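What follows is a short report on a single structure.
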Amino acid sequence: MTAPGLPPEPWELEGRRLAPLLDNVYAVVIAASDPRVAAQVALGVARMQSARRRVAIADLIGESPAIESLLTGDDPHGIADSFLYGVSLNKIARPMLGGDNIFLMPSGTEPVDHEGVYANDRWRRLAAGFHQVGALLVVVARPTAGGFG
């Protein structure tokens, strides 16, 4: 996270630069071999896109420090709990600290780097729901995780 008053991290700036390319997209996966890069790009995209619509960032990296530092509240449930146990997305999505119109879905109490989460068919329905309401789902992932492909 960039400290108040300091310029954004370079990869967050890149996400901001790329954000207009996603104006007509409702779900995107941002993945990089360095999870810090993926998280920073996702935050940049979310900050720019949130000026015009709601944005949710799903942390499939697994407790990404950049995302965790912006969480509000102390509920440990996250995207893995939703996909594996049916915990409501409304329960796990939390407003981002310092970000209007941005919601964070942390990784949760279970590991997210397996096919039960990555290859879950629920992603299609979730993306369709974001499309219906004109929002953007940003999934931050590890390309080396099982089920990513």
Side-chain angles (χ1 to χ4, degrees), residues 1 9 11-12 14-149:
M1 178 173 114
E9 298 286 333
W11 286 108
E12 183 176 328
E14 186 63 11
R16 291 179 185 198
R17 187 186 72 76
L18 295 170
L21 299 173
L22 302 175
D23 284 351
N24 296 314
V25 172
Y26 300 97
V28 63
V29 176
I30 298 176
S33 56
D34 182 341
R36 293 172 296 165
V37 169
Q40 289 298 323
V41 171
L43 288 168
V45 165
R47 289 183 201 281
M48 293 303 290
Q49 284 288 321
S50 69
R52 55 184 292 277
R53 60 182 170 165
R54 283 179 291 162
V55 179
I57 299 175
D59 177 8
L60 290 190
I61 292 171
E63 298 180 1
S64 165
I67 294 171
E68 293 279 317
S69 68
L70 299 170
L71 285 171
T72 57
D74 59 0
D75 187 344
H77 294 98
I79 198 74
D81 302 290
S82 179
F83 278 53
L84 298 174
Y85 306 117
V87 176
S88 164
L89 288 174
N90 290 332
K91 178 178 171 61
I92 66 163
R94 303 196 304 246
M96 185 175 97
L97 186 64
D100 293 333
N101 228 15
I102 303 173
F103 298 86
L104 302 176
M105 294 185 281
S107 54
T109 61
E110 298 290 329
V112 290
D113 61 346
H114 59 78
E115 291 193 31
V117 174
Y118 271 81
N120 195 305
D121 193 49
R122 189 168 177 203
W123 287 112
R124 293 184 205 286
R125 293 189 306 275
L126 185 57
F130 274 76
H131 183 255
Q132 274 186 325
V133 299
L136 175 63
L137 172 63
V138 179
V139 178
V140 185
R142 291 181 189 269
T144 58
F148 178 81

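Just so we're clear, the structure is a prediction, and the values are computed from it rather than from any experiment.
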Verify, without hydrogens or angle tests, whether [X] (side chain) and [Y] (backbone) share a donor-acceptor contact under 3.5 angstrom.
X: S50; Y: V55; result: no
X: E14; Y: V41; result: no
X: Y118; Y: L60; result: yes

So which heavy atom on [X] is nearest to which on [Y], and how close?
X: G73; Y: R94; result: O-NH2, 4.1 Å
X: G98; Y: R47; result: O-NH1, 4.2 Å
X: P111; Y: V117; result: O-CG2, 4.3 Å
X: F148; Y: A141; result: CE1-CB, 3.8 Å
X: V112; Y: A80; result: CG1-CB, 3.5 Å
X: R53; Y: A135; result: NH1-O, 3.5 Å

Do [X] and [Y] have side-chain heavy atoms sitting under 4.5 Å apart?
X: I92; Y: I79; value: yes
X: E68; Y: P106; value: yes
X: L104; Y: D59; value: no
X: Y85; Y: E110; value: yes

Distance check, rounded to the nearest 0.5 Å: [X] atom [atom1] versus [Y] atom [atom2]?
X: L18; Y: I30; atom1: CG; atom2: CD1; value: 8.0 Å
X: H77; Y: S88; atom1: NE2; atom2: OG; value: 11.5 Å
X: Q40; Y: I67; atom1: CD; atom2: CD1; value: 9.0 Å

Can a donor-acceptor pair be found between the side chains of D81 and T109 at a distance below 3.5 Å? yes

side-chain contact (heavy atoms from CB on, under 4.5 Å), that's the test. Do L43 and L70 meet it? Break it down for me. CA-CA 10 Å; L43 288 168; L70 299 170; 3.7 Å; yes

Would you call the rings of F83 and W123 parallel, tilted or perpendicular, where under 30° means parallel and over 60° means perpendicular? tilted

Over 12 foreign heavy atoms within 6.0 Å of CZ, R36: no

Enclosure of D100 CG (heavy-atom neighbours >12, cutoff 6.0 Å): no

The criterion is ring pair (Phe, Tyr, Trp, His ring centres under 6.0 Å); which residues satisfy it with F130, sequence neighbours excluded? none

Full working for side-chain contact (heavy atoms from CB on, under 4.5 Å) between M105 and L137: CA-CA 10 Å; M105 294 185 281; L137 172 63; 3.6 Å; yes

For E63, salt bridge (Lys or Arg N to Asp or Glu O under 4.0 Å) partners two or more places apart: none

With sequence neighbours excluded, what pairs up with R16 under the salt bridge (Lys or Arg N to Asp or Glu O under 4.0 Å) test? E12

Decide side-chain contact (heavy atoms from CB on, under 4.5 Å) for D23 and Q49; before the verdict, give the C-alpha distance in whole Å, the side-chain angles of both, and the deciding distance to 0.1 Å. CA-CA 7 Å; D23 284 351; Q49 284 288 321; 2.8 Å; yes

Residues R122, S82; criterion side-chain contact (heavy atoms from CB on, under 4.5 Å); working and verdict: CA-CA 10 Å; R122 189 168 177 203; S82 179; 2.8 Å; yes

